[in-house]
Amino acid sequence: MSVYVFGHKNPDSDSIVGAIAISYLKNQIEDEEYIPARQGDISAETEFILNRFGGKLPELKTSVAGERVYLVDSTDKPHFQDDIDEATILGIIDHHKLGDIMTSTPLECWIRPIGCSNSIVKEVYDAMGIAIPKDIAGMMMLAILSDTVIFKSPTCTNVDTKAVKELAKIAEIEDYKALAQEMFIVKSGTDGATARDLNTRDYKVFNMGDVRVGINQLEMIDISALDRRKDEIYSDMLMMKEEENLHTMIVLLTDIMKEGSQLLCVSDDIKKIEAAFNKKFENNQVWLDGVLSRKKQVVPFVQPQFD
Ligand code: MG
Ligand code: MG
Ligand code: MG
């Protein structure tokens, strides 16, 4: 019986490349077949990565009841298929807070507080003594450069920078920062995107206490490109809050050059979110200097407001 490997809903490059890289690794050392999968459409950034290194689009898998699965890049239940409880989880590779996924059988688990799941995948390849193919190395390298915002994110560690350097060597990419810059230009594109496209680009729901909090993040080279669309984004946030039954919806417009985020918020109790950051919001928004990481600089401050 095959094993499906996939990351979170609304897949990012770490989720897609992780599925590909883990599947290849497992197929070198296990008897059963590991198949890379995904839970939704890929982003323009991920498409750039797959095209650059000839990666194949993983298969769409929106239901996993009765399947054997391997998870990457999250352990939060809302980030997986609605029937994830009916799947057997064989393993997890992740770099987020421990979520609410439970298993009924022993599993292999590689969770580390570093910049990218793919940096952990690289360590597992090394631990198992398996050589990383050139194309997969290139994709892993870009996934790490994406998650760490070219090493600028506070989540980035020397494990990540070392992994990128070694993967760049295998992939034979000399100027990996220039390639990453090209990738972030693709990622920053908003032409033709509706407000809903923007609000769901990197959207995640978190169970916090008794409520659901939605947090979307747009990482851009220059967020002023969205200045004229703030009202439209805000109206759509109000709609999403209703549709998704959220207590709070946050959008982070992250400017990777200015190294900070404009936080937009609609909430049943905005005082909680103001308290989380110890800031007064104006027009339901606030600039957070130095904030680049949702997992390290946003979720850990919002979550205690609901505990
Ligand atoms: Mg991710
Ligand atoms: Mg990740
Ligand atoms: Mg990310």
Side-chain angles (χ1 to χ4, degrees), residues 5-23 36-50 55 58 61 69-81 84 91-101 109-125 136 139-157 159-161 163-164 167 180 183-184 187 200-206 213-220 250-252 254 256 261 291-300:
V5 185
F6 47 83
H8 52 79
K9 276 181 189 161
N10 221 342
D12 58 1
S13 298
D14 196 20
S15 282
I16 297 291
V17 174
I20 293 170
I22 293 166
S23 297
R38 65 190 160 94
Q39 295 192 68
D41 292 338
I42 59 167
S43 66
E45 179 199 75
T46 305
E47 198 180 348
F48 172 89
I49 295 176
L50 295 183
K61 197 83 187 149
V69 303
Y70 197 108
L71 310 183
V72 60
D73 204 33
S74 178
T75 58
D76 276 319
K77 241 161 109 169
H79 302 169
F80 290 97
Q81 296 89 343
I84 189 73
I92 295 169
I93 295 183
D94 187 29
H95 67 129
H96 293 82
K97 73 176 174 71
L98 190 58
D100 46 3
I101 285 274
C109 201
W110 310 77
I111 299 182
R112 301 194 61 198
I114 64 176
C116 184
S117 300
N118 272 279
S119 303
I120 308 172
V121 176
K122 163 81 167 60
E123 293 190 307
V124 181
Y125 268 90
I136 293 180
M139 292 189 275
M140 291 170 68
M141 174 194 81
L142 283 183
I144 301 168
L145 287 163
S146 168
D147 258 14
T148 62
V149 194
I150 319 182
F151 306 150
K152 287 187 207 177
S153 172
T155 60
C156 187
T157 66
V159 177
D160 303 290
T161 49
V164 164
L167 291 164
M183 173 178 74
F184 270 98
K187 184 176 209 168
T200 54
R201 186 168 281 186
D202 182 6
Y203 171 69
K204 287 181 178 172
V205 175
F206 299 88
V213 175
I215 309 179
N216 178 48
Q217 185 173 29
L218 285 148
E219 289 167 325
M220 297 176 65
I250 290 171
V251 171
L252 296 164
T254 298
I256 68 168
S261 295
V291 169
L292 293 173
S293 166
R294 169 174 47 198
K295 76 171 72 59
K296 194 163 181 172
Q297 297 170 295
V298 177
V299 173

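Every number for a ligand or one of its atoms is a count from 1 in the order of the listing.
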> Under 2.8 Å from the Mg ion (ligand 1), is there any N, O or S atom belonging to H96?
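False for H96.
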> Hey, which of V17, I42, D73 is the one that makes side-chain contact (heavy atoms from CB on, under 4.5 Å) with D12?
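Output: one option passes, namely D73.
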> Is the Mg ion (ligand 2) under 2.8 Å from any N, O or S atom of D94?
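No - counting backbone and side chain alike, D94 has no N, O or S atom under 2.8 Å.
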> D73: which N/O/S atom is nearest the Mg ion (ligand 1)?
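Result for D73 and the Mg ion (ligand 1): OD2.
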> Find out whether F184 and V149 are in side-chain contact, i.e. whether some heavy atom of one side chain is under 4.5 Å from a heavy atom of the other.
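Sidechains of V149 and F184: in contact.
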> Below 2.8 Å, can you find an N, O or S atom of C116 next to the Mg ion (ligand 2)?
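Under 2.8 Å: C116 has no N, O or S contact with the Mg ion (ligand 2).
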> Can you find a side-chain donor-acceptor pair between T148 and S153 that sits under 3.5 Å?
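S153 and T148 do not have a side-chain donor-acceptor pair below 3.5 Å.
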> So, 2.8 Å as the limit: is an N/O/S atom of D14 located closer than that to the Mg ion (ligand 2)?
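An N, O or S atom of D14 is closer than 2.8 Å to the Mg ion (ligand 2), so yes.
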> Report the atom name of the nearest N/O/S atom of D12 relative to the Mg ion (ligand 1).
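Checking each N, O and S atom of D12, the shortest distance to the Mg ion (ligand 1) belongs to OD2.
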> Need one value: angle at the Mg ion (ligand 2), D147 atom OD2 versus H95 atom NE2, rounded to 10 degrees.
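OD2 of D147 and NE2 of H95 make an angle of 100° at the Mg ion (ligand 2), to the nearest 10°.
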> For atom NZ of K97, decide whether the heavy atoms of other residues, nucleotides or ligands shown that lie under 6.0 angstrom number more than 12.
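Yes, the 6.0 Å shell around NZ holds more than 12 heavy atoms from other groups.
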> Applying salt bridge (Lys or Arg N to Asp or Glu O under 4.0 Å), run through K204 and D76 and close with a yes or a no.
CA-CA 10 Å; K204 287 181 178 172; D76 276 319; over 6 Å; no
> Are a donor atom and an acceptor atom from the side chains of S15 and H8 found within less than 3.5 Å of each other?
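Yes, because at least one side-chain N or O of S15 sits under 3.5 Å from a partner of the opposite role on H8.
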